[in-house]
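A short worksheet on the structure shown next.
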2 protein chains.
Amino acid sequence: MNSDEGRAPSAGGTRVNVLRLSGPCARWDEQDTDFIREILDLVGDKWSMLVIGALAGGDARYSDLDTMIPAISRRMLTLTLKRLQRDGLIDRTAYAEVPPRVEYSLTGLGASLLSAIQHLAAWSSEHHTEVRRHQDAYDRNATRGESPGP
Amino acid sequence: MNSDEGRAPSAGGTRVNVLRLSGPCARWDEQDTDFIREILDLVGDKWSMLVIGALAGGDARYSDLDTMIPAISRRMLTLTLKRLQRDGLIDRTAYAEVPPRVEYSLTGLGASLLSAIQHLAAWSSEHHTEVRRHQDAYDRNATRGESPGP
DNA sequence: CGGCATCCTAACAGATACTG
DNA sequence: CAGTATCTGTTAGGATGCCG
């Protein structure tokens, strides 16, 4: 598990890594807390990662995205797109035609996030079965004894 | 950027990768949408990732976590811990002492997620400045013209 | 110390109808 | 086609107080 590769002290390294080696993996300080908070603000909502993922395959129009992302409402699609655009993760290009055509695409910044998102998807792909097993086991233990029976 | 390393078709590969090579990075299908949804269900809330991060440094007691994670309420800490435990990401060990002592720790499953979370934190660490720049620029453009002046 | 129960609110998100 | 606008419901999450 090479979890340090992304932690290069790129420019003048503001980070001070205080290691606590007692645990399974270590390397976590207060700043990470802030970083996680920030990225949750960016893509921690219900749709942002899905939109970014949908754009991984290349540019797409508004209606394409509406189709590609199951069950999203036009309202949420619009809000999510605006937000991602504000954050600089996607670009919006409107063509002055009739009927109007608008294309969305990942910026370099957005594409760089894709790798991290796919990491999450990969984890989920590999472990979701195990997660379900734990959930079921936990729920069985919790449910047992609630209706003590006759 | 080796974004394919996590996508190994480990066992009997249920995945069928339909590539669309028109975009910047490609490799995204419908299943990924589901995977992202699932992992957002797991750790897409406000505190789960922070708790997991806090446990990266090793076992911790309830009150330790309360201290380590700024601004979390006891209610949310309790709820988050229970949830993570149900998902099999953390373990809870209660020692029958007075005063009571309870230790939380990452399971193997939880530790394996840590790598993906740190990926996100690393991205945020590297790019949050740029994100802010985009946001500010966007907001300046949006604000300009709203009060047209005398 | 380590919770759980209760109340309350704000943000998130869905449905629907309308517009340029 | 690509959005806005409004109205409404659901739920995450905060504050507080009590209990084993």
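Fair warning: this is a prediction, and the values are worked out from it, not measured in the lab. Here is how names work: the chains are called A, B, and so on, in the same order as the sequence lines, proteins then strands, and each is numbered from 1. Because only heavy atoms are used, hydrogens play no part in the values below, and waters and symmetry mates are left out as well, while side chains stay in.
- Distances from the side chain of A/Tyr62 to the nucleotides C/dC1, D/dC1, D/dG3 place D/dG3 closest.
- Rounded to whole Å, the distance from CG on B/Asp41 to C1' on D/dT11 is 13 Å.
- Backbone-only engagement by B/Tyr104 is indicated by non-hydrogen atom pairs under 4.0 Å involving sugar-phosphate atoms exclusively.
- Rounded to whole Å, atom P of D/dG14 lies 8 Å from atom CD1 of B/Ile72.
- Contact between the side-chain N/O atoms of A/Lys82 and the OP1/OP2 oxygens of D/dG3 is not found at any separation under 4.0 Å.
- Per the geometry, CE belonging to B/Met76 stands 8 Å off P belonging to D/dA12, to the nearest Å.
- Between the side chain of B/Ser112 and the main chain of B/Leu109, a donor-acceptor pair closer than 3.5 Å is present.
- Between C/dG3, C/dA13, D/dG13, one nucleotide has an atom nearer to the side chain of B/Arg92 than all others, and that is C/dG3.
- Residue contacts for A/Thr78: at a heavy-atom cut-off of 4.0 Å it reaches a base atom on one of the strands shown.
- Using modelled atom types, one finds a donor on one side chain and an acceptor on the other under 3.5 Å when comparing B/Asp87 with A/Gln135.
- Where A/Leu79 and B/Glu103 each meet DNA chain C at their nearest nucleotide, the meeting point lying more 5' is that of B/Glu103.
- Nearest-nucleotide positions on DNA chain D for B/Arg74 and B/Arg83 put B/Arg83 closer to the 5' end.
- With hydrogens and angles ignored, a donor-acceptor pair closer than 3.5 Å exists between the side chain of B/Arg75 and the base of D/dG13.
- Remark: P of C/dA13 and CG of A/Leu50 are 11 Å apart, rounded to the nearest angstrom.
- Between B/Leu77 atom CG and C/dG2 atom C1' there is a gap of 10 Å when expressed in whole angstrom units.
- One atom, CG of A/Leu81, and another, P of D/dT4, lie 10 Å apart when rounded to the nearest Å.
- Closest to the A/Arg101 side chain, of the nucleotides C/dG2, D/dG14, D/dA2, is D/dA2.
- Taking the six-membered ring where the residue is Trp, B/His119 and A/His119 present parallel rings, their angle staying beneath 30° rather than reaching 60°.
- The shortest distance between the side-chain N/O atoms of A/Ser73 and the OP1/OP2 oxygens of C/dA13 is not below 4.0 Å.
- At whole-Å resolution of the value, NZ in B/Lys46 and C1' in D/dT11 are 14 Å apart.
- Electrostatic pairing of B/Asp66 and B/Arg61 does not count as a salt bridge here, judged by no charged N lying under 4.0 Å from a carboxylate O.
- Regarding B/Leu40, its CG atom lies at a distance of 16 Å from the C1' atom of D/dT11, rounded to whole Å.
- Comparing D/dC1, D/dG13, C/dG14 by their closest approach to the side chain of A/Pro99 singles out D/dC1.
- Here B/Arg61 does not reach the OP1 or OP2 of C/dC1: none of its side-chain N or O atoms lies under 4.0 Å away.
- No side-chain N or O of B/Thr93 forms a donor-acceptor pair with one of B/Tyr104 less than 3.5 Å apart.
- Residue contacts for B/Asp45: at a heavy-atom cut-off of 4.0 Å it reaches the sugar-phosphate backbone alone, with no base atom in range.
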